[in-house]
Amino acid sequence: MDDKLFIIAIGGTGMRCLEAFVHLCAAGMFDNKTIDILTLDTDQSNGNKARVEGLIDLYNRIKTSDNSHEGGDSSANTFFSAKLNLFRFYTEYSEAERKTLKNLINTRTNTPENREDNRDLTDLFFDNNVQEFPLDHGYRAQTHLGSMLMYHGILEAAIKAKKGSKDVKDNDKELQEFIQLLYHNSANARVFVFGSVFGGTGASSIPVIPIALRDALKVLMEGKKELNLNKVMFGSTLLTDYFKFDLPDDQQRKKDRVIADASNFALNSQAALNFYNSDITVKQSYKRLYHIGWPASLKIDYSQGQAGNDVITGGKEQQNPCHVVELMCAAAAYDFFTTDDMKQPEAKYLYRSVEEGEGNKLRLTGASFVGEKDGLILEQKLGTMLSLAHLILSRYNGAQEGTDGTIEFLEDIKKRNVENYADIKDEQARQLDEYLKIYAYSIKNGQLAPGWLHQVKNTIDGSFIFSDEALSLETSILNKVDPGAIYKDEKYNWQEAGLFGKKADKRFDKFIEVFKSDDSNPTLDQGNSLKEKFLGHLYKAITKTQKTPHTNRG
């Protein structure tokens, strides 16, 4: 029986790791898989949360053939091959009586005796600032508080969902559905958790998630059934600090009472790792813990706003750029979902070292992320997607505002007597353009807006799989990028057709030749709808035009 895959993304950093994971799915790294995804946060309005949920919605629109079959099916040897099901949950702190810890313990649903006991315990463990800061932007590195509140937030949602009262909200129902799916697939479930250990929400939640889900199921099943944590395999990232931001000024500290301080992130990471190494509950709940870090000298500065503005650590304005360590976390999920080594009784800690190239700069290859065995697969999958992006965005000008690259491509191949896809709707074609812009880049008012992969490369002080031109931040270079020559290593680039002319044109002519050949026709495993056939056809033509055969897992 195939394993059933689940992802839980927690907090702002967890959302960005999930973003990288979704792009791996779009590139075809999870063929024939259905993956159930839960986004979990205290901050309903968090910008990173909204961004990745919007990305998954777009992914599913691309896979949807009609309104009756939203999100399509899983497929193989094509783009967007995994089927993604999204569930959203957030702990509710927007109402006045739930805004702070002090308000929570004084809620009117408690008896006077309980309120008094709660106040005594709270005063013992938490100072006044911690009791009174607003909770709706996360736990602000107060992990001792966050673990307690996240655990009880999940149980509270289960209680409301079980009662079916008028207080039940959509996010409570989606959590209930996710937990029940996990239970029904517990015999072969693998659950990977994305989150950091240096901040607030992720660091608070990772230790309690397996226990909270188990106890929430007890509530939903009235104690008659239980999630067996000896069968369900949990894995997680232990992502330490990799960015920094300005210190908040005294005025913001006074207003917000408690706010995350980047100068404490390294100490937070050290304390968290010591906890994970010694806590028996964590060690028995998780099968694999992936320790992922970044050199202190290379931390990215995520400070936002001008002098006099607040430091942004939450809310809709928090939309940090993407970073290569988030791709490392997504690769850790790939390792967790594909490895057979899960028989140990306690958590296994893993890390991966990376190479240094010339001048002590990083040299990142596919093997740096997923090991030697699957390194070439990752390079080819990401590269196939990048070649498609440059084909549509660069060669057919889809990156420019007012130009529809996929529509232009469809019109071009029709002129070349390929009329199979004439019925693809303009809206469907534009959805692909939109995704490729998010994956690679777009140009707005003549200015470059780097997408995910370009942002990832921008965080690396060294080399990363693809040529510098293919991931340039200069519009004048990107406008001329050859979709068939994106790799640093020439042996992976496209074949050429003919003896005369520019190399880029000869490579493109070879691609068209392969695209028109019967060998590139889509097959049933790539999907049934016209859109799916088109994506499968593109995938086959690009991989067959490469000079090395495309490697597929299994």
Side-chain angles (χ1 to χ4, degrees), residues 6 8-11 14 38-44 87-93 98-105 107 109-110 114 117-118 121-122 124-126 130-131 133 135-163 167-169 171-172 174-176 178-180 182-183 191-197 199-223 226-229 232 234 236 238 268 271-272 275-276 278-286 289 347:
F6 296 85
I8 302 176
I10 310 172
L38 175 67
T39 56
L40 192 160
D41 209 332
T42 64
D43 183 359
Q44 180 187 3
F87 302 86
R88 302 169 172 92
F89 177 71
Y90 56 89
T91 48
E92 179 59 70
Y93 298 126
R98 304 175 61 82
K99 195 79 169 177
T100 67
L101 177 59
K102 181 164 285 187
N103 290 355
L104 278 170
I105 63 175
T107 180
T109 57
N110 278 336
N114 282 342
D117 288 343
N118 285 342
L121 284 170
T122 303
L124 180 62
F125 289 107
F126 306 109
V130 172
Q131 291 186 43
F133 76 81
L135 294 167
D136 56 348
H137 276 195
Y139 298 132
R140 307 191 189 192
Q142 305 298 307
T143 52
H144 54 313
L145 170 66
S147 292
M148 176 185 73
L149 291 180
M150 182 57 74
Y151 173 84
H152 285 287
I154 290 173
L155 258 65
E156 181 185 38
I159 292 169
K160 288 195 295 184
K162 180 60 181 174
K163 287 182 176 178
D167 294 330
V168 179
K169 298 182 179 180
N171 64 309
D172 299 321
E174 292 192 26
L175 177 65
Q176 177 187 21
F178 182 86
I179 293 173
Q180 289 175 333
L182 181 57
Y183 168 73
V191 185
F192 198 81
V193 182
F194 288 128
S196 68
V197 299
T201 308
S204 299
S205 303
I206 291 173
V208 301
I209 282 296
I211 306 301
L213 294 178
R214 181 198 66 188
D215 293 352
L217 181 73
K218 284 183 183 178
V219 171
L220 293 169
M221 299 295 183
E222 298 179 333
E226 185 171 333
L227 187 65
N228 189 340
L229 296 184
V232 178
F234 280 88
S236 181
L238 300 182
N268 294 349
F275 169 79
Y276 285 108
S278 59
D279 184 77
I280 190 64
T281 302
V282 171
K283 291 165 73 172
Q284 291 181 348
S285 298
Y286 285 90
L289 293 167

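We use all heavy atoms of the structure for the numbers below, so side chains are in, but hydrogens, waters and symmetry mates are not.
Annotation: the span from S236 atom OG to F194 atom CZ amounts to 9.0 Å, rounded to 0.5 Å. Going from atom CG of D215 over to atom CD1 of I179 covers 10.0 Å, rounded to the nearest 0.5 Å. One distance of note links CE of M150 with CG of L40; it measures 4.5 Å at 0.5 Å rounding. Atom CG of D172 is separated from atom NZ of K160 by 4.0 Å, given to the nearest 0.5 angstrom. Rounding to the nearest 0.5 angstrom, the gap separating the CG atom in L38 from the CD1 atom in I209 is 7.5 Å.
No donor-acceptor pair under 3.5 Å is formed between the side chain of Y286 and the backbone N or O of P210. Panel note: side chain E174, backbone R88; a donor-acceptor pair is recorded below 3.5 Å.
Contact between L217 and E226 at its shortest, heavy atoms only, is CD2-C, 3.7 Å. In this structure, L220 and A158 approach most closely via the heavy-atom pair CD2-O, 3.6 Å. The minimum heavy-atom distance between G153 and F89, with the atom names listed, is O-CZ, 3.8 Å. When all heavy atoms of S196 and I206 are compared, the closest pair comes out as O-CD1, 4.0 Å.
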Side chain to side chain contact (heavy atoms under 4.5 Å, CB included) between V232 and L213, intermediate numbers included: CA-CA 11 Å; V232 178; L213 294 178; over 6 Å; no
Evaluation steps, side chain to side chain contact (heavy atoms under 4.5 Å, CB included), between V168 and Q176: CA-CA 11 Å; V168 179; Q176 177 187 21; over 6 Å; no
Criterion side chain to side chain contact (heavy atoms under 4.5 Å, CB included) on L289 and V282, from CA distance to verdict: CA-CA 10 Å; L289 293 167; V282 171; 4.2 Å; yes
Verdict with supporting geometry, T281 and V208, side chain to side chain contact (heavy atoms under 4.5 Å, CB included): CA-CA 9 Å; T281 302; V208 301; over 6 Å; no
